[in-house]
Every structure is written in C-alpha cells, then in structure tokens.
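We're numbering straight along the sequence, starting at 1.
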Amino acid sequence: MPLSHPRLWRAVDRLAQAHGLSPSGLARRAGLDPTAFNPSKRQAPGPGGRPRWPSTESLNRILEVTGVSLAEFAVLAEDAGPAPALPVLGLAQAGLDGFFDEAGLPTGDGWSWTDLPRAGPSLFSLEITGDSMTPLYRPGDKVVVDRDGPEPRRGDRVVVRTRSGETMAKELAQATARTLTLRSINPEHADRVLRRAEVDWISRILWVSQ
C-alpha cells in the first residue's frame, strides 16, 4: 500500500508516542524546528490547501535519533486491522487430557480466546532499561502500553512519565489524590513517591515481549 500523506503523518505521530514524546518533542530531539511536525504544518492554510509532506532530511533525522529502520517506520503507518486473538486456558485445565495435541499445540473445543493489543494511535511499545523490575522485566524486554486505556489501579504494572522527561516501568503500590507510590520488583531499588503534579502520564502495561 502506498505511503499516503495521512499514513506518513500517522507514522510520525506513532513514532513520537513510542518514545514518550509529542511530535514537537520528537522534532526537537532530532535537532529540527520544534514546530516542524505540528498539525498546522501538515496542510497549506486556507480551504482546500494542498498537503504538506515532511522532508526526506527530517525523516532521516528522526529515524536516526530513534534507531528505527525505514521498514519499521512503514509498519507504524499501517492501518489498525482486527485485533488478533490467542486461545486461552486455565492452568488447572491445562493439566487435563484433550487440550493439547502430540506436538503440544492447542486442540479441542475447550479453549476460549483472549485479544492481543491492536495497533492504534494510542498504543505503543517501550524497551526496558535498567534492573529495577528484574526478574519480572529484564533489560531489552519490550512492554506495550495504551495511553487511552483504563486508569491504572493498585497492583498494576505501569509506565510512568514525569514532567521532567523521566520514563520508568514500575508497579503502582498506592495512588492518592496527591501522590503515586511506585514500587520496584527488584528489592535493591527503593519505592518512589511522586506528587501528581510531577506526573505527565501513567499507563498500565498491557503486554510484554521477552
């Protein structure tokens, strides 16, 4: 499918979101004019204004600073299709006969289904760094979050971005009207207490690729 004007800008937006940035923040990180990717720059002013495209140089810069290949960038432009699903079974049932074939693959009618995260403008993946969440999440693991997902609850594993730009994966230990207490799985790392005013956003981790 051709990389149309709307799909190209969709890829830019998703690339920014995947790195916890706004389009302006992505442009700034790439050393570009902070307004280069603003929605107002994507169409010539006035009724019926012609579409404006990002320059090849600006695209090369954002791919370079994010470490994303051209092929990966093209995937970000794709339309979201139907949500994929996996067969799911309780662990107790998994110990019974009739649910797996000789190759160890799901068989029979006793399975239900669970939806995998579906690509969309509010869904993105972040790569884990550091050891604060080991052994649950290890450096290099990729977690998927949805910025439009439900409000995280106590005990959820979350990604938090502060207004100062720090982004971290933690467990939400407590949430009050004024503060968030974030817990690390690794006991060598102390809990973090953030004022709500310090938090840019917080999203529940939906999936992890290990």
| task | Kindly indicate, with the supporting measurements, whether the criterion side chain to side chain contact (heavy atoms under 4.5 Å, CB included) is fulfilled by Thr179 and Gln174. | result | CA-CA 8 Å; Thr179 63; Gln174 186 177 20; over 6 Å; no
So which atom in [X] and which in [Y] form the shortest heavy-atom distance, rounded to 0.1 Å?
X: Gly130; Y: Pro139; value: O-CG, 3.2 Å
X: Ser55; Y: Ser58; value: O-OG, 2.8 Å
X: Ile185; Y: Thr134; value: CG2-O, 3.7 Å
X: Ala16; Y: Pro23; value: CB-N, 4.0 Å
X: Trp9; Y: Pro54; value: CZ2-CD, 3.4 Å
X: Ser184; Y: Lys170; value: OG-NZ, 2.7 Å

| remark: The complete set of salt bridge (Lys or Arg N to Asp or Glu O under 4.0 Å) pairs with one or both residues in residues 40-57, sequence neighbours excluded, reads Asp13-Arg42, Glu57-Arg61
| message | Exactly one of Thr35, Asp33, Asn38 should register a side-chain hydrogen bond (donor to acceptor under 3.5 Å, both in side chains) with Ser24. Which one does? | response |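 Testing each of Thr35, Asp33, Asn38 against Ser24, the sole residue satisfying side-chain hydrogen bond (donor to acceptor under 3.5 Å, both in side chains) is Asn38.
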| Within-4.5 Å side-chain heavy-atom neighbours: Leu123 and Leu206 | yes
Test item: [X] side-chain N/O and [Y] main-chain N/O as donor-acceptor pair under 3.5 Å:
X: Arg14; Y: Phe124; value: no
X: Asn186; Y: Asp131; value: yes
X: Arg10; Y: Ala77; value: yes

| request: Using a strict cut-off of less than 4.0 Å between a Lys/Arg side-chain nitrogen and an Asp/Glu carboxylate oxygen, indicate whether Glu198 and Arg192 qualify as a salt bridge. | output: no
| task | Evaluate the side chain to side chain contact (heavy atoms under 4.5 Å, CB included) criterion for residues Ile205 and Val145: first the C-alpha distance (whole Å), next the side-chain angles of each, then the deciding distance (0.1 Å), finally the verdict. | result | CA-CA 5 Å; Ile205 292 174; Val145 299; 4.0 Å; yes
| Hey, quick one: are Trp53 and Leu26 part of the same hydrophobic cluster, counting side-chain heavy atoms closer than 4.5 Å, chains of contacts allowed? | yes
| When hydrophobic residues are tied together by side-chain contacts of less than 4.5 Å, even through go-betweens, does Leu70 share a cluster with Val65? |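 As far as the 4.5 Å side-chain criterion goes, Val65 and Leu70 are not connected within one cluster.
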Just verifying a value: how many Å separate [X] [atom1] and [Y] [atom2], rounded to the nearest 0.5 Å?
X: Leu15; Y: Leu63; atom1: CG; atom2: CG; answer: 7.0 Å
X: Met133; Y: Ile128; atom1: CE; atom2: CD1; answer: 7.0 Å
X: Thr162; Y: Trp201; atom1: OG1; atom2: CH2; answer: 10.5 Å
X: Arg183; Y: His189; atom1: CZ; atom2: NE2; answer: 15.0 Å

| message | Test side chain to side chain contact (heavy atoms under 4.5 Å, CB included) on Phe37 and Leu32; report intermediate values, then the result. | response | CA-CA 9 Å; Phe37 299 146; Leu32 303 169; 3.8 Å; yes
| request: Give the intermediate values and the outcome of side chain to side chain contact (heavy atoms under 4.5 Å, CB included) for residues Arg29 and Thr66. | output: CA-CA 9 Å; Arg29 179 173 291 185; Thr66 57; 5.5 Å; no
| query | Any chance CD of Glu127 has more than 12 other-residue heavy atoms, nucleotides or ligands included, within less than 6.0 Å? | reply |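 Yes, the 6.0 Å shell around CD holds more than 12 heavy atoms from other groups.
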| said: Starting from Leu172 and following side-chain heavy-atom contacts under 4.5 Å between hydrophobic residues (I, L, V, M, F, W, Y), which residues can be reached? | reply: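 Result for Leu172 is Val158, Val160, Met168, Leu180, Leu182, Leu194, Val199, Ile202.
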